[in-house]
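Just so we're on the same page: letters track the sequence lines, and every chain starts at 1.
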Amino acid sequence: MALELRSISKQIGSFSVSDLSLRVEEAEYFVLLGPSGVGKTVILEMIAGLLTPDDGDVYWDGANVTRLPPDRRGFAIVYQDYQLFPHLTVRQNILYGLQARHYSRSEAYERAETTAELLGITPLLDQYPAVLSGGEQQRTALARALVLTPPLLLLDEPLSALDLRIRRQLRQELKQLRRASRATFVHVTHDIEEAFVLGERVAVMLEGRIRQIATPYQLSHTPSDREVADFLELGNVFAVDSCAGEVCRVGDIRFHTGGCIEATRFIWIRPEEIVLSRTSCEGAVRNHFNGRIEDWELRNVLFKVTVSVDGLRLAVLVNHACFSQLNAETGGEVYVSFSPSAVHCF
Amino acid sequence: MLFFIVAPLVRLTLSTSTGSLASALADREVRQSLWLTLRAAAFATFVSVFLGVPLAYLLARTRFPGRAVVQGLVDLPIMVPHAAAGIALLTIIGRDSLIQRLASPFALRFVGEELGIAMAMAYVSVPFLVNAAREGFEAIPERLEKVARTLGASPWRVFLTISLSMSWRAILSGMTLMWGRGISEFGAVIIIAYHPMTAPILVFQRFTDFGLAFARPVAVLLILVCVAGFAALRFISRSTQADRYGP
């Protein structure tokens with residue numbers, strides 16, 4: 001039961017999606033990643049049947065469902081702002097879909113209880129949404145959707161409104177829920193970390209177009225182009241002036257690469273594969289340069305040091321031990337080394 | 001401002017003796033006209049709900065060309081002087097009008113009849129209902145309705161269980177306003193029907209024919225009935241709100 005979008009186009013006001021195609025496999029956790037305002041929600045709503053594409057078709061399990069109304073598709077959607085029915089209790093919210101689908105009273109209540117237990121909201125069943133915390137509201141919204149055992153669950157920035165701790169916790173729960181439910185999840189987010197943690201495959205969407213669909217590993221190793229690399233905040237992406245053999249030139253600097261071709265337009269140097277030292281080790285490593293520390297900052301447990309090499313700003317990630325050995329001070333001289341395999345070409 | 005609103009009502013009510021109120025209530029003509037007024041306004045409101053609420057929903061939820069014009073038309077009766085509205089209405093439902101001729105075989109008459117009074121009341125007061133209901137629907141996030149659709153509810157079920165059950169307070173308050181506005185209508189009603197006499201017309205007639213002393217008790221009764229109805233509905237909608245949405 002795969003989901004397929006074939007050449008979908010949609011224009012709403014100033015926003016547009018054009019000629020969008022993608023395929024999501026059965027029971028896959030698929031993430032649509034892109035900055036806010038590129039129309040990710042519109043795509044979800046077209047899948048759900050809440051919006052009709054101007055052009056193109058939506059296929060589910062091989063059947064064209066483009067004109068099928070949302071109540072007959074059976075896909076559930078969970079929005080960023082939960083959209084719980086404020087005039088109904090948590091229990092009534094969860095029961096809503098079961099009642100709409102004419103489940104018997106006893107079965108509906110039993111299912112609601114089981115799902116509430118799964119999401120840890122049993123004590124809240126008789127509360128109204130207004131008194132719940134953000135995390136509790138999102139759990140209720142998930143329960144209301146999952147109680148129907150939808151074959152496809154659409155998640156529109158489901159964690160964005162939550163604080164970091166709850167977000168991390170719910171992230172793990174979403175992973176487990178996906179495994180337990182065997183449903184296909186399509187998750188929309190602008191959060192790179194979230195996409196990489198949850199997605200089995202991630203589609204990067206920029207300016208109304210899908211630029212790359214790949215596993216998180218592939219994305220972080222071989223971004224398809226500069227915009228994708230920039231959006232993923234990979235750092236150290238440089239436009240090359242020329243490439244010959246395995247050497248690419250950026251301004252006056254020659255980089256030894258892990259296999260570039262003449263058509264290479266950009267190189268990307270992995271920030272964590274660069275080594276900083278106080279003393280020169282010329283000859284030991286193929287890429288070895290002298291630079292000055294411009295700036296440094298603490299990023300979680302690592303330090304991000306910005307080094308200027310002939311005017312080129314390199315971001316370098318180093319651990320605490322390395323950083324303290326470096327005795328780093330702004331303006332201080334430093335040596336930068338990395339192997340050709342740290343340089344990716346595209 | 002509040003003083004300006006409240007003072008005349010309080011002064012009028014307090015300066016009227018309970019004896020004169022009782023004798024006014026004992027007057028059959030007064031009782032009949034009060035009852036006629038309440039009934040006609042309630043009938044006008046009741047019928048308008050079935051036409052006005054769907055229109056309000058349409059205005060709140062759909063974007064169609066000419067929507068602003070439709071909204072303007074809905075507000076028009078508020079702006080038109082009510083006596084003029086009554087004259088205009090007369091051209092539609094008057095004795096020689098097409099509508100009257102079509103209605104005649106069913107023994108329906110408008111001019112000088114309760115039905116005509118209700119129509120005059122509806123004409124000038126229905127914007128209050130439509131606008132209140134529209135604002136009620138607009139306050140409901142559209143996504144709530146979308147979510148309900150994906151959960152398997154048909155459009156009709158969504159309308160009943162989400163849109164209507166979340167906005168009934170707004171609709172009820174619109175109905176109260178419309179009813180109250182209908183009761184107080186003078187200009188349009190007097191054109192359509194001087195007889196049977198509604199309470200505002202009776203107040204006017206007693207004032208011009210017999211003077212202030214005779215008009216006063218009827219006016220006070222009218223005010224008391226309206227305030228009571230208004231307070232009751234307010235109370236119902238407020239207490240239910242507290243129950244449902246928690247602290």
Worksheet item: More than 12 foreign heavy atoms under 6.0 Å from CD of A:E110: is that the case here?
Response: no
Worksheet entry | Electrostatic pair A:D71:B:R157 at N-O distance under 4.0 angstrom | no
Worksheet item: Hey, what do you get for OG1 (A:T41) to CZ (B:R143), rounding to the nearest 0.5 Å?
Response: 5.5 Å
Worksheet item: Out of curiosity, A:Q99 CD to B:L151 CG, how far, rounded to the nearest 0.5 Å?
Response: 11.0 Å
Worksheet entry | Heavy-atom neighbours of B:F106 CZ exceed 12 at 6.0 Å | no
Discussion item. Counting C-beta onward and ignoring hydrogens, is there a side-chain heavy-atom pair between A:Y79 and B:K146 closer than 4.5 Å?
Written reply: yes
Fill in: Residue A:R72 versus chain B: region with a heavy atom under 4.5 Å
neither
Item to complete: Answer yes or no: is there a donor N or O on one side and an acceptor on the other, between the side chain of A:H87 and the main chain of B:T161, under 3.5 Å?
Response: yes
Discussion item. A quick test of your reading: do over 12 heavy atoms of other residues, nucleotides or ligands sit less than 6.0 Å from CD of A:E207?
Written reply: no
Discussion item. Could you measure the distance from the CG atom of A:L44 to the OG1 atom of B:T150? Nearest 0.5 Å is fine.
Written reply: 11.0 Å
Discussion item. If I compare all heavy atoms of A:Q83 with all of B:L144, which pair ends up nearest, and what's the gap?
Written reply: O-CD2, 3.2 Å
Worksheet item: Where does A:L154 contact chain B at under 4.5 Å (heavy atoms): side chain, backbone, both or neither?
Response: neither
Worksheet entry | Region of A:I77 in contact with chain B, defined by heavy-atom distances below 4.5 Å | both
Practice prompt. Search all heavy atoms of B:R149 against all heavy atoms of A:P70 and return the closest pair with its distance.
Written response: NH2-CD, 3.5 Å
Item to complete: Tabulate, in ascending numerical order, the residues of residues 34-53 of chain B having at least one heavy atom closer than 4.5 Å to a heavy atom of chain A, or enter 'none'.
Response: none
Worksheet item: Is it true that atom CD of B:Q71 has more than 12 heavy atoms of other residues, nucleotides or ligands lying nearer than 6.0 Å?
Response: yes
Practice prompt. Can you see which heavy atom on A:F85 is nearest to which on B:V147, and at what distance?
Written response: CZ-CG1, 4.2 Å
